[in-house]
Amino acid sequence: MQFKLLICAVLVLLLKLPARADHQVDICIYGGSSAGVIAAYTAKKAGHSVLLIEPGKRLGGLTSGGLGYTDIGNKYAIRGLSLEFYRQVGRHYGKFEQWIFEPHVAESLFTDYVQRAKLQVLYQHRIVAADKENGRIRSIRLEANGTTVNVSAKMFIDCTYEGDLMAKAGVSYMVGREANDLYNETYNGVQLLDGHQIPDGVDPYKTPGDPSSGLLWGISPATLQPKGSGDKLVQAYNYRICLTNDPANRVPITRPDNYDPARYDLLARLIKAQPQRTKLNDYFIWSRMPNNKTDINNRNGFSTDMIGANYEYPEADYAKRAEIIKAHEDYTKGLLYFFATDPRAPKPAQEEMRQWGYPKDEYVENGHWSPQLYIREARRMVGAYVMTQANCTGKEVVQDGVGMAAYTMDSHNTQRIVVEKNGKKMVKNEGNVEVGGFPPYPVSYRALIPKAEECKNLLVPVCLSASHIAYGSIRMEPVFMALAQASAVAAHEAIAGNVSVQEVDAAKIISTLRTNPLADGRNGDILIDNTDNPQLEGSWKTQKGRGSYGPDMLTAEANAKATFRPNIRKAGRYSIYMYYPHLKTNAAVMNVKILAGKKEHAVPVKRDEITVVGQTSGEWVKLGTFNLKKGEGSAVEISAGAGEDGVVIADAVLWVPEKR
């Protein structure tokens with residue numbers, strides 16, 4: 001009888017255990033961000049069995065989650081499938097290339113990648129453990145609605161913004177800001193600078209001048225630490241907000257959950273302290289997007305960044321993260337509602353805000369609100385090589401670069417505290433850094449891999465190995481996609497050679513990215529930059545700085561000619577483009593001549609006919625489409641005649657095959 005009871009008890013326990021499902025693949029990608037989709041597509045096209053796991057419900061991460069006004073820095077840095085993504089965006093909007101787009105357009109493109117590659121995707125599966133043996137991840141354990149799923153693979157790629165797989169695998173990482181002296185930097189650690197700052201004199205206390213009344217909401221009681229000192233604080237998160245002013249597509253901004261006007265008391269004081277700032281653009285970066293939509297970002301002292309509310313997020317469990325995400329949503333929707341309804345808001349801004357609402361055709365499954373919080377920075381791997389400020393500024397140049405970055409060293413504010421100035425207590429934001437002025441630079445392959453003793457079959461292209469301030473330059477969506485493609489190529493090489501990721505030769509990755517940039521054997525573009533030694537006649541000057549495609553460009557004012565000659569390896573029809581940096585000093589007309597075989601075609605490029613769109617200093621201008629034979633003479637001549645009315649620029653020329 002007791003034996004039967006024991007059997008029954010065991011059966012009951014077994015019935016209560018979650019059902020199991022198992023997967024065994026060559027390459028497992030955890031995180032369906034923009035990087036995750038590109039990594040999975042690349043791996044599948046290389047002939048591997050692939051599983052893409054997305055903890056949420058939507059592909060594309062921040063790229064499909066509101067950040068449509070793409071942070072680029074310099075488009076020269078973006079190659080391969082990452083660049084092809086923005087070309088596809090361009091085709092959607094009837095252009096060659098476009099870097100601003102609506103969220104649903106991005107999502108549809110990522111879905112198309114999955115469908116074309118016939119990728120298997122697990123949605124709403126979250127990692128709970130990683131099993132390692134002899135320095136390798138053998139399998140990871142996922143949870144999905146009470147079901148346990150085991151995934152074993154030869155190679156793993158962590159494409160989450162949080163680095164959850166990396167952490168479960170026991171790989172070293174950093175959260176927060178290193179002290180400047182750790183990597184001999186100057187812009188890491190505590191930085192009380194002027195960017196996105198609250199002006200002097202704004203009182204921090206609920207009752208002005210009375211510390212006993214307590215601090216206004218959002219102000220930390222922490223003490224300002226020495227400049228450059230390290231801490232565990234994390235730069236602020238926010239939402240990149242998509243609104244519309246199209247009445248037919250607009251859902252009104254209404255009072256959100258848990259709305260508390262006291263959260264915006266400091267904002268009200270800021271508004272009172274700067275009466276000259278009365279427009280929405282004084283309090284938000286209000287970027288206009290296609291079809292009457294926006295990508296709204298943080299601006300100035302009090303905006304969409306929920307400063308100080310995210311410190312626990314990087315290492316929090318899923319329940320706590322959900323709580324933090326909801327707090328950011330409530331805060332942000334409340335901020336919009338404040339500007340639309342609160343009498344303390346400037347009247348012009350209030351009138352503007354009332355013209356906007358949530359778009360009916362975006363995030364339909366999530367109440368027209370983005371499901372993706374902007375996780376600017378969470379964990380950062382401490383890997384085989386750490387990218388630092390010296391890499392960004394070109395003082396240290398790696399030789400194993402498998403991708404490039406080009407953005408300003410950028411950190412949003414980290415804390416909002418009380419400081420004393422001239423004997424008066426006032427509120428200030430701390431942590432904002434914006435330092436640029438350097439050309440594109442390579443990102444080391446070693447920054448994508450752990451130390452050999454920690455894990456031999458993991459690549460981390462998103463939470464890569466970089467200091468806080470260097471990560472602020474690298475952490476852009478196009479760069480993540482490019483590094484993810486490189487990671488997938490590295491995974492392929494590791495499997496093919498039966499070696500660890502640390503033993504993969506970066507030169508092989510670089511070669512594959514160059515010869516197979518679209519991962520499926522299609523022909524790539526032929527790019528000839530001014531650094532590729534075009535034939536020069538007359539007096540050309542090398543000009544560095546903003547505007548150029550790549551590190552610099554050539555300029556001339558009279559009697560000069562630059563000839564760009566490609567090596568046409570495959571006959572076909574090619575569209576030819578010239579990169580046009582839009583500078584105030586540009587000549588009204590640039591004289592351009594196309595050589596195609598034995599024919600010449602004059603193509604005047606007129607300054608007033610070119611509009612630069614998005615966060616970029618220039619545009620590709622189409623010069624024409626021509627049939628070209630293999631090895632046949634082809635060239636683009638850019639010339640400056642006598643007495644030009646401005647500067648003529650020779651920067652970069654692109655030959656794009658019509659049939660890939």
Side-chain angles (χ1 to χ4, degrees), residues 21 23 25-45 48-68 81-82 85 88 101 103-128 130 140-145 147 149 151 153 155-168 240 318 321-322 325 362-366 370-375 378-379 458-464 475-485 487-488 491 519:
H23 299 266
V25 293
D26 292 336
I27 301 174
C28 172
I29 291 98
Y30 185 68
S33 61
S34 59
V37 174
I38 294 302
Y41 180 87
T42 304
K44 188 67 182 294
K45 288 299 180 180
H48 295 286
S49 56
V50 177
L51 180 65
L52 176 61
I53 302 163
E54 166 49 35
K57 302 177 182 179
R58 185 183 178 93
L59 294 175
L62 194 60
T63 297
S64 66
L67 204 168
L81 287 171
S82 180
F85 172 82
Q88 289 185 76
F101 47 85
H104 76 271
V105 172
E107 185 186 20
S108 70
L109 292 176
F110 289 123
T111 300
D112 184 59
Y113 275 112
V114 166
Q115 292 173 344
R116 280 190 283 134
K118 298 180 180 179
L119 286 165
Q120 183 179 5
V121 184
L122 295 182
Y123 291 95
Q124 295 182 273
H125 283 65
R126 303 186 300 195
I127 188 169
V128 293
I140 60 174
R141 191 160 69 253
L142 310 170
E143 182 276 329
N145 297 320
T147 300
V149 178
V151 179
M155 289 287 150
F156 291 84
I157 305 176
D158 187 341
C159 288
T160 62
Y161 296 114
E162 296 85 0
D164 285 342
L165 169 55
M166 171 186 72
K168 294 294 185 186
R240 298 295 289 254
Y318 297 121
R321 282 185 184 168
I325 290 168
E362 299 289 355
Y363 315 124
V364 175
E365 76 292 347
N366 200 52
S370 175
Q372 180 63 62
L373 182 63
Y374 192 170
I375 310 301
R379 298 182 179 100
L458 173 68
L459 295 116
V460 187
V462 177
C463 293
L464 72 153
R475 62 167 183 83
M476 303 303 152
E477 292 285 293
V479 178
F480 285 156
M481 285 192 268
L483 297 178
Q485 183 176 358
S487 295

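These numbers come from the heavy atoms of this one structure, side chains and all, not from hydrogens, waters or symmetry mates.
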Quick check for you: to the nearest 0.5 Å, what is the distance between [X] atom [atom1] and [Y] atom [atom2]?
X: Met476; Y: Leu483; atom1: CE; atom2: CG; result: 12.5 Å
X: Ile38; Y: Ser487; atom1: CD1; atom2: OG; result: 12.5 Å
X: Ile29; Y: Ile157; atom1: CD1; atom2: CD1; result: 4.5 Å
X: Asp26; Y: Leu51; atom1: CG; atom2: CG; result: 11.5 Å

Sequence neighbours excluded, which residues qualify as ring-ring contact (aromatic ring centres under 6.0 Å, His included) partners of Tyr161?
none
Given side-chain contact (heavy atoms from CB on, under 4.5 Å), test Phe110 with Ser34 step by step and report yes or no.
CA-CA 7 Å; Phe110 289 123; Ser34 59; 3.5 Å; yes
Would you indicate whether the side-chain heavy atoms of [Y] and [X] approach each other to under 4.5 Å?
X: Leu109; Y: Thr111; value: no
X: Phe156; Y: Leu459; value: no
X: Leu165; Y: Thr160; value: no
X: Pro103; Y: Ser64; value: no
X: Leu59; Y: Leu52; value: yes

Look only at the side chain of Gln372 and the backbone of Gly65, and say whether a donor-acceptor pair between them is shorter than 3.5 Å.
no
Donor-acceptor under 3.5 Å (Ser33 side chain, Cys159 main chain)
yes
Which residues pass the side-chain hydrogen bond (donor to acceptor under 3.5 Å, both in side chains) test with [X], sequence neighbours left out?
X: Tyr374; answer: Arg475
X: Thr63; answer: Glu477
X: Glu362; answer: His104, Lys293
X: Glu107; answer: Arg58

Before giving the answer on side-chain contact (heavy atoms from CB on, under 4.5 Å), spell out for Cys28 and Ile140 the whole-Å C-alpha distance, their side-chain angles and the decisive distance to 0.1 Å.
CA-CA 9 Å; Cys28 172; Ile140 60 174; 4.0 Å; yes
Could you go through residues 115-127 and list every donor-acceptor pair under 3.5 Å that involves a side-chain atom there, pairing it with any protein atom two or more places apart or in another chain?
| residue | atom | partner | partner atom | Å |
| --- | --- | --- | --- | --- |
| Arg116 | NE | Asp112 | OD2 | 2.8 |
| Arg116 | NH1 | Tyr41 | OH | 3.2 |
| His125 | ND1 | Tyr123 | O | 2.6 |

If I compare all heavy atoms of [X] with all of [Y], which pair ends up nearest, and what's the gap?
X: Phe101; Y: Ala106; answer: CE1-CB, 3.7 Å
X: Phe480; Y: Pro461; answer: CD2-O, 3.7 Å
X: Leu81; Y: Tyr113; answer: O-OH, 3.8 Å
X: Gln485; Y: Ser82; answer: OE1-N, 4.4 Å
X: Gly163; Y: Cys463; answer: N-SG, 3.2 Å
X: Leu458; Y: Asp158; answer: CD1-N, 4.1 Å

Could you walk me through whether Lys57 and Glu365 pass side-chain contact (heavy atoms from CB on, under 4.5 Å), step by step?
CA-CA 9 Å; Lys57 302 177 182 179; Glu365 76 292 347; 5.5 Å; no
Side-chain ion pair, Asp164 and Arg321, N-O less than 4.0 Å
yes
